[in-house]
Amino acid sequence: QVQLVESGGGLVQAGGSLRLSCAASGRTFSNYAMGWFRQAPGKEREFVAAISRIGGSTGYEDSVQGRFIISRDNAKNTVYLQMNSLKPEDTAVYYCAAARAMYSGSYYTREYDYGYWGQGTQVTVSS
């Protein structure tokens, strides 16, 4: 089992920044590719960003490319999502997720690739 706990959400004005953190416990963190997803009210959960086991590969959803940065610190068992130039449409509950990865360079963009999920943290961007 992998336990994931997100933190860092909150209320921010448009154009501002937030950094989300996701602390993992339970298994060897470096064996897992990590991802961030979000779910806005009335919408389905969507992919935001993902990172490979040792951080060498990353992927982003088009609308956050250039504004968000995913990173990880395997010594701290933590993955981060730095969110800059936030927009009201970024308002959502943000979830981190872990996927057992066989290859060090792999990351995943689909929900069903992920076996473990956190409880989510609310991000609200005011206009």
Side-chain angles (χ1 to χ4, degrees):
Q1 289 284 346
V2 176
Q3 292 79 43
L4 302 171
V5 179
E6 302 98 334
S7 60
L11 173 64
V12 63
Q13 288 189 332
S17 298
L18 280 175
R19 189 174 84 153
L20 305 183
S21 299
C22 174
S25 61
R27 291 291 178 94
T28 303
F29 183 62
S30 59
N31 287 343
Y32 292 82
M34 300 297 295
W36 286 96
F37 290 75
R38 65 186 179 187
Q39 187 168 21
K43 295 186 177 181
E44 294 187 352
R45 190 156 57 183
E46 65 174 0
F47 168 75
V48 176
I51 189 167
S52 58
R53 286 167 48 188
I54 57 174
S57 299
T58 58
Y60 297 91
E61 193 269 329
D62 286 348
S63 70
V64 308
Q65 179 78 47
R67 298 189 297 124
F68 291 10
I69 301 171
I70 188 171
S71 62
R72 66 189 295 162
D73 185 338
N74 286 351
K76 296 182 178 179
N77 290 356
T78 302
V79 62
Y80 305 97
L81 186 67
Q82 177 67 44
M83 304 186 296
N84 301 318
S85 302
L86 282 161
K87 305 175 181 180
E89 51 263 45
D90 294 317
T91 294
V93 177
Y94 282 72
Y95 299 89
C96 75
R100 187 71 167 86
M102 179 175 295
Y103 302 107
S104 62
S106 299
Y107 63 84
Y108 307 100
T109 62
R110 299 170 299 190
E111 283 193 55
Y112 64 75
D113 287 316
Y114 290 86
Y116 302 97
W117 294 82
Q119 82 290 349
T121 185
Q122 177 70 48
V123 172
T124 303
V125 184
S126 63
S127 56

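One is the number of the first residue; the rest follow in order along the sequence. Atom set for the values below is all heavy atoms of this structure, side chains included, hydrogens, waters and symmetry mates excluded.
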pair R38-Y95: side-chain heavy atoms closer than 4.5 Å: no
Same apolar cluster (I L V M F W Y, side chains within < 4.5 Å links), Y80/V12: no
Under 3.5 Å: donor-acceptor pair, side chain of T91, backbone of E89: no
Exam field: side chain Q39 to backbone A92, donor-acceptor pair closer than 3.5 Å: no
Transitive ILVMFWY side-chain link V79 to Y116, under 4.5 Å: yes
Backbone of L11 reached by a side-chain donor or acceptor of T124 within 3.5 Å: no
Linked, directly or transitively: I69 and F37 (ILVMFWY side chains, under 4.5 Å): no
S52 side-chain N/O to S57 backbone N/O, donor-acceptor pair under 3.5 Å: yes
Salt bridge (charged side-chain N to carboxylate O under 4.0 Å, His left out) partners of residues 60-74, not counting sequence neighbours, each pair once: R67-D90
M83 vs W36 side-chain heavy atoms within contact, under 4.5 Å: no
Minimum heavy-atom distance Q119-V5, with the two atoms named: OE1-CA, 3.8 Å
ILVMFWY network linking V123 to L4, side-chain heavy atoms under 4.5 angstrom: yes
Shortest non-hydrogen contact from Y108 toward A50: O-CB, 3.3 Å
Shared hydrophobic cluster, I51 / Y94 (ILVMFWY, side-chain heavy atoms < 4.5 Å): yes
Audit row: Q65, S63, side chain to side chain donor-acceptor pair (under 3.5 Å) steps and yes/no: CA-CA 6 Å; Q65 179 78 47; S63 70; over 6 Å; no
Pairs satisfying disulfide bond (SG atoms under 2.5 Å apart), at least one member in residues 50-89, at least two apart: none
Chi angles and distances behind the ring-ring contact (aromatic ring centres under 6.0 Å, His included) call for F47, Y60: CA-CA 8 Å; F47 168 75; Y60 297 91; 8.1 Å; no
Validation row: F68, V48 side chains within 4.5 angstrom (heavy atoms): yes
Using atom types as modelled, flag every donor-acceptor pair under 3.5 Å from a side chain in residues 13-34 to any protein atom, sequence neighbours excluded.
residue	atom	partner	partner atom	Å
S17	OG	N84	OD1	3.0
S25	OG	Q3	OE1	3.4

